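Worksheet: the structure to be examined is printed underneath.
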Amino acid sequence: MISMPRIISPHHAQKIMNVVLWGVGLLAIVILIIIIGYILWNGLPQFSLEFIFGNPVGSGESGGIWPMIVSTFYVTFIALIVATPLGVLAAIWLAEYAGESILVKAIRFAAETLASIPSIVFGLFGLTFFVVFLQMGFSVLSGGLTLALMAIPTILRTAEVSIEAVPQSYKEGSLALGASKWQTIYRVVIPAAIPGITTGIILGMARAIEETAAILYTVGAALAIPMSIWDPARPLPLHLYILATEGVSLPNAYGTAAVLVLIILIITISTNYLVEKYTKKMMGR
Amino acid sequence: MENIIIEVKELNTYFDESHILKDVYLDIPRNAVTSLIGPSGCGKSTFLRTLNRMNDVIPTFKKEGTILLDGKEIYDPDVDVVDLRKRVGMVFQKPNPFPKSIFENVAYGLRVHGNNDKKDLERRVEASLKEAALWDEVKDKLDDSAMGLSGGQQQRLCIARTIAVEPEVILMDEPCSALDPISTTKIEDLIHKLKNEFTIIIVTHNMQQATRVSKYTAFFLHGEIVEKGLTDKIFIEPEDKRTEDYITGRFG
Amino acid sequence: MARNWEEFLVEKVLLLAAISSIIIILLIIGFVIQQGLPAMEQVGPLNFIFGMDWSPSYDIYGVFPMIVGSLGMMALALIFAVPLSIFGAIFLAEVAPKTMRRILKPTIQTLAGIPSVIYGFFGLIVLVPFMRIHFGGSGFSMLTASIILTVMVLPTILSISEDALRSIPLEYKEASLALGATHWQTIKNVIFPAALPGIVTGIILGMGRAIGETMAVIMVAGNTPIIPGSILEPARALTSNIALEMGYALGLHYNALFATGIVLLMMIIVLLVVTNYINYKRKVTVGGGYL
């Protein structure tokens with residue numbers, strides 16, 4: 001590609017490449033439409049009040065998925081209330097207080113490593129640390145905390161980037177009015193970075209909702225609605241995995257997949273919308 | 001002898017190894033406008049930012065000498081930099097309103113200093129906007145984002161924001177360099193109005209502006225003050241050859 | 001003075017949050033190693049890593065077939081995904097009109113957000129039968145897994161490459177166009193080479209994602225713990241090895257699965273070090289340390 005012999009004239013090469021590039025661009029859209037379309041096409045017909053709000057019958061051959069929806073909500077909630085403060089506060093420190101010390105480099109490398117550890121390794125850790133060592137058992141709490149660890153680097157990185165992008169002139173303006181450093185951060189810097197911070201939290205949330213490998217051996221697989229954080233549960237992706245691989249029920253697998261896809265789509269689209277609206281209001285456009 | 005508010009003696013500043021300001025002596029008279037002129041990189045902006053300790057955030061910054069505000073050294077360990085900046089406000093080269101509503105921009109300094117009384121805030125915001133000659137243009141859209149204002153309006157908003165906290169001194173770092181001529185005129189008119197109440201120190205590249213707005217002028221060159229005194233005197237009969245070269249446009 | 005005290009306290013709390021990353025990573029590595037080490041010791045690290053046989057019922061643990069499986073699927077996926085992502089990125093950064101970009105950007109974002117178990121499910125229901133009909137065999141194979149992985153790593157490589165392409169100063173492009181080069185020649189000879197370090201970073205991140213993927217691979221790869229004779233035969237990834245057997249593993253078997261985790265961790269850390277090295281080099285070579 002780098003050294004193409006001049007068999008083709010530059011103008012023909014230009015035309016060919018235009019076709020190739022357009023083709024690849026369209027391919028991405030086609031793939032997305034096929035996957036989402038296929039899941040929704042087969043899954044939406046399964047939807048009914050009984051499917052969404054009912055309990056599963058047997059091991060999910062028929063009946064609904066309400067306990068799985070509730071489980072997903074619980075583990076995601078636990079993951080977020082732990083990961084959001086840790087991620088956002090760490091991002092503020094890295095963006096506003098950190099210098100160039102060895103400690104800072106170590107923190108950055110740690111966050112980077114955390115972001116790239118395979119989810120199944122988080123699952124292993126969750127199993128040996130939360131489930132066994134801290135004796136939390138297979139539970140909503142073990143699963144939620146394992147997911148929290150995975151969500152931290154996502155939130156941290158996105159939040160840090162958006163805090164760093166806040167113009168220096170805002171900070172100077174605030175400091176020059178006699179605001180302290182922390183006042184400047186929480187009254188000017190954070191509000192200006194809110195769109196990015198929110199996006200980070202949502203990305204972390206999406207990661208917690210969709211994750212399967214990390215909860216495979218931490219959350220249990222109970223079919224009943226968890227009554228407390230100490231109860232085992234079965235979030236949606238795990239339910240889908242079991243339904244599909246153990247051949248329990250294909251229609252219910254389609255339905256579960258469609259619910260999962262819809263949740264992710266709704267979250268992404270509504271966040272994009274809200275963030276855009278906030279930015280517009282803030283920037284007066 | 002006039003009433004002096006800031007007294008600078010034997011001031012030397014450094015960034016790392018580079019010596020920026022060299023043995024600067026300057027007295028700033030109270031309730032008057034003082035211009036700092038000189039070519040780019042002569043140290044006038046550094047000097048300005050030394051007066052409200054904005055250079056503190058730069059780790060390599062070092063300062064020697066005395067800067068007295070009402071007789072008190074502003075770099076003393078017992079001086080709270082936050083209190084200092086409340087007394088010595090600053091308006092920047094590029095208008096830098098916060099991405100908040102117009103009202104919140106002006107109320108910001110007051111809130112930061114602990115004022116949360118809604119009535120009082122409203123009163124003070126209105127007074128500051130009036131004083132900054134912006135009230136009539138924005139009174140119907142106080143809740144709109146300040147980012148939607150024109151450049152000149154934004155700069156007057158920044159001035160309103162600064163005077164709202166009632167400083168004694170206002171530092172202006174080339175406040176008109178990013179503005180069109182009409183907006184510049186408005187800001188200059190505003191400076192005339194404000195000088196009765198505040199001490200204003202303005203850095204400018206524009207020699208006409210210095211003659212128009214200021215009573216006193218100091219000419220900086222390579223980190224030293226070459227000449228200082230009444231603006232009229234400096235511009236009509238400068239004592240130093242270098243001053244004459246600069247104001248007649250022979251360099252810089 | 002109360003304010004200064006508050007400032008001090010705030011900074012310490014923030015610092016604590018930042019340090020938590022280090023604590024977590026140390027805990028993870030510590031606990032996984034602690035649980036995995038007994039197996040490594042008993043089997044012998046070299047036997048464990050290069051052993052060709054994985055039969056828990058005989059307490060024989062060698063993960064080499066899984067290493068080959070993981071690396072093979074990753075390599076195949078990259079062969080498909082890298083050209084596609086680079087062309088896609090060039091399209092987005094240089095060619096696509098505004099409306100197209102407005103459709104394509106969220107498309108890529110959504111592709112990245114689709115749960116991996118959905119990819120696996122789609123692969124299982126649609127792709128596996130398709131492969132069975134057109135290529136024979138069971139349809140569960142290294143190739144099938146790589147195709148799914150391709151779609152999964154595509155958004156990662158594509159968006160990072162696009163950022164890299166966009167960060168190239170406009171002046172470079174204008175200079176080339178002004179000399180009479182076509183747009184494609186400019187992309188090929190000026191923009192692409194300048195963006196290459198960034199693109200490589202994206203590729204490495206994609207590698208990490210491919211190696212780390214568990215659910216999608218498990219559902220379509222067939223998971224036989226032997227080195228596949230061809231890409232159309234089933235294979236097992238390191239991640240799948242853990243996920244498949246952890247449910248019933250006891251004793252040494254349990255430790256051997258954690259030891260598999262150690263191998264995965266080592267691979268990821270190698271990739272990270274390489275990325276950091278490339279980024280470091282890039283900072284030094286491009287712009288003399290100013291970029």
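Chain A is the first sequence line, chain B the second, and so forth, proteins listed ahead of strands; every chain is numbered from 1. Since we're looking at a predicted model, the values are computed, not measured.
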Report the option among A:Ile264, A:Leu114, A:Leu250, A:Ile31 that has the most heavy-atom pairs separated by less than 4.5 Å from atoms of chain C. A:Leu114
Contact origin within C:Ile22 toward chain A - heavy atom pairs under 4.5 Å: both
So A:Leu156 and A:Leu94, do their side chains get closer than 4.5 Å, heavy atoms only? yes
Step by step, work out the side-chain contact (heavy atoms from CB on, under 4.5 Å) result for C:Phe121 and C:Ile125. CA-CA 6 Å; C:Phe121 180 57; C:Ile125 300 295; 3.6 Å; yes
How many angstroms lie between atom CD1 of C:Ile211 and atom OG of C:Ser70, to the nearest 0.5 angstrom? 6.5 Å
Turns out that what part of C:Ile108 lies under 4.5 Å from chain A's heavy atoms comes down to side chain
Looking only at A:Tyr97, A:Tyr217, A:Phe109, most heavy-atom pairs under 4.5 Å shared with chain C are made by A:Tyr217
Can you tell me how far CD1 of C:Ile114 sits from CG of A:Leu265, rounded to the nearest 0.5 angstrom? 7.5 Å
If you tally heavy-atom pairs under 4.5 Å against chain A, which of C:Leu111, C:Ile29, C:Ile90, C:Ile23 wins? C:Leu111
Picking from C:Gln35, C:His183, C:Glu11, C:Glu213, which has the most non-hydrogen pairs under 4.5 angstrom with chain A? C:Glu11
Which one of C:Thr275, C:Val95, C:Leu26, C:Ile262 has the most heavy-atom pairs closer than 4.5 Å to chain A? C:Val95
Residue from A:Ile33, A:Leu124, A:Val24 scoring the most non-hydrogen pairs under 4.5 Å with chain C is A:Leu124
Which atoms of A:Ile36 are under 4.5 Å from chain C, going by heavy atoms: the side chain, the backbone, both sets, or neither? side chain
Look at atom OH of A:Tyr273 and say whether more than 12 heavy atoms of other residues, nucleotides or ligands are closer to it than 6.0 Å. no
Which region of C:Met100, side chain (C-beta onward) or backbone (N, CA, C, O), has a non-hydrogen atom less than 4.5 Å from a non-hydrogen atom of chain A, or is it both or neither? side chain
Among A:Thr113, A:Ile92, A:Thr245, which residue forms the greatest number of heavy-atom pairs with chain C at distances under 4.5 Å? A:Thr113
Flag the pair C:Val117 / A:Glu210 as yes when at least one side-chain heavy-atom distance between them is below 4.5 Å, and no otherwise. no
If one checks every heavy atom of C:Gln109 against chain A at 4.5 Å, the contacting part turns out to be side chain
Could you check whether any side-chain N or O of A:Lys181 sits under 3.5 Å from a backbone N or O of A:Glu96, counting only pairs where one atom can act as donor and the other as acceptor? yes
Side chain from CB out, backbone as N, CA, C, O: work out which of these in A:Ala244 comes under 4.5 Å of a heavy atom of chain C, or both, or neither. both
Which bit of C:Ser116 comes within less than 4.5 Å of chain A, counting heavy atoms only: side chain, backbone, both or neither? both
Among C:Gly208, C:Gly247, C:Gly261, single out the residue with the greatest number of heavy-atom pairs under 4.5 Å to chain A. C:Gly247
Short N-O contact, A:Glu112 and A:Lys105, less than 4.0 angstrom: no
Region of A:Ile107 in contact with chain C, defined by heavy-atom distances below 4.5 Å: both
For A:Ala213, does its backbone N or O pair with a side-chain atom of A:Glu211 as donor and acceptor, under 3.5 Å? yes
For A:Tyr38, is it the side chain, the backbone, both or neither that has a heavy atom under 4.5 Å from a heavy atom of chain C? side chain
Given the options A:Ile152, A:Val104, A:Ile117, which has more heavy-atom pairs under 4.5 Å with chain C than any of the others? A:Ile117
Counting only heavy atoms not in C:Leu179, do more than 12 sit closer than 6.0 Å to its CG atom? yes
With a 4.5 angstrom heavy-atom cut-off, could you sort out which part of C:Ile218 is near chain A: side chain, backbone, both or neither? side chain
Please flag which part of C:Met215 lies under 4.5 Å from any non-hydrogen atom of chain A: side chain, backbone, both or neither. side chain
Measuring from atom NZ of C:Lys105 to atom OG1 of C:Thr110, what distance do you get when rounded to the nearest 0.5 angstrom? 12.0 Å
Heavy-atom cut-off 4.5 Å, strictly under: side chain, backbone, both or neither for C:Ser20 against chain A? side chain
Contact origin within A:Leu203 toward chain C - heavy atom pairs under 4.5 Å: neither
Any donor and acceptor pair, going by atom type alone, linking the side chain of A:Arg234 with main-chain N or O of A:Gly220 inside 3.5 Å? no
Check: C:Ser176/C:Thr186 side-chain N/O donor and acceptor closer than 3.5 Å: yes
Presence of salt bridge, A:Glu160 and A:Arg108, under 4.0 angstrom: yes
Is it the backbone or the side chain of C:Ile242 that comes under 4.5 Å from a heavy atom of chain A, or both, or neither? both
Region of A:Phe133 that comes under 4.5 Å of a non-hydrogen atom in chain C: side chain
Heavy-atom contact with chain C under 4.5 Å, split by part of A:Asn18: side chain
Is it the case that more than 12 heavy atoms not belonging to C:Lys12 sit under 6.0 Å from its NZ atom? yes
Honestly, the part of A:Leu216 sitting under 4.5 Å from a heavy atom of chain C is side chain
Contact leader toward chain A among C:Leu265, C:Ile269, C:Val32, where contacts are heavy-atom pairs under 4.5 Å: C:Leu265
Test ring pair (Phe, Tyr, Trp, His ring centres under 6.0 Å) applied to C:Tyr254 and C:Phe258, step by step: CA-CA 7 Å; C:Tyr254 181 88; C:Phe258 277 88; 5.1 Å; yes
Between chain A and each of C:Leu271, C:Val126, C:Val13, count heavy-atom pairs under 4.5 Å; write down the option with the most. C:Val126
Is it true that the side chains of C:Asn241 and C:Arg236 contain a donor and an acceptor less than 3.5 Å apart? yes
Which residue out of A:Ala115, A:Ala91, A:Ser119, A:Ser116 racks up the most heavy-atom pairs below 4.5 Å with chain C? A:Ser116
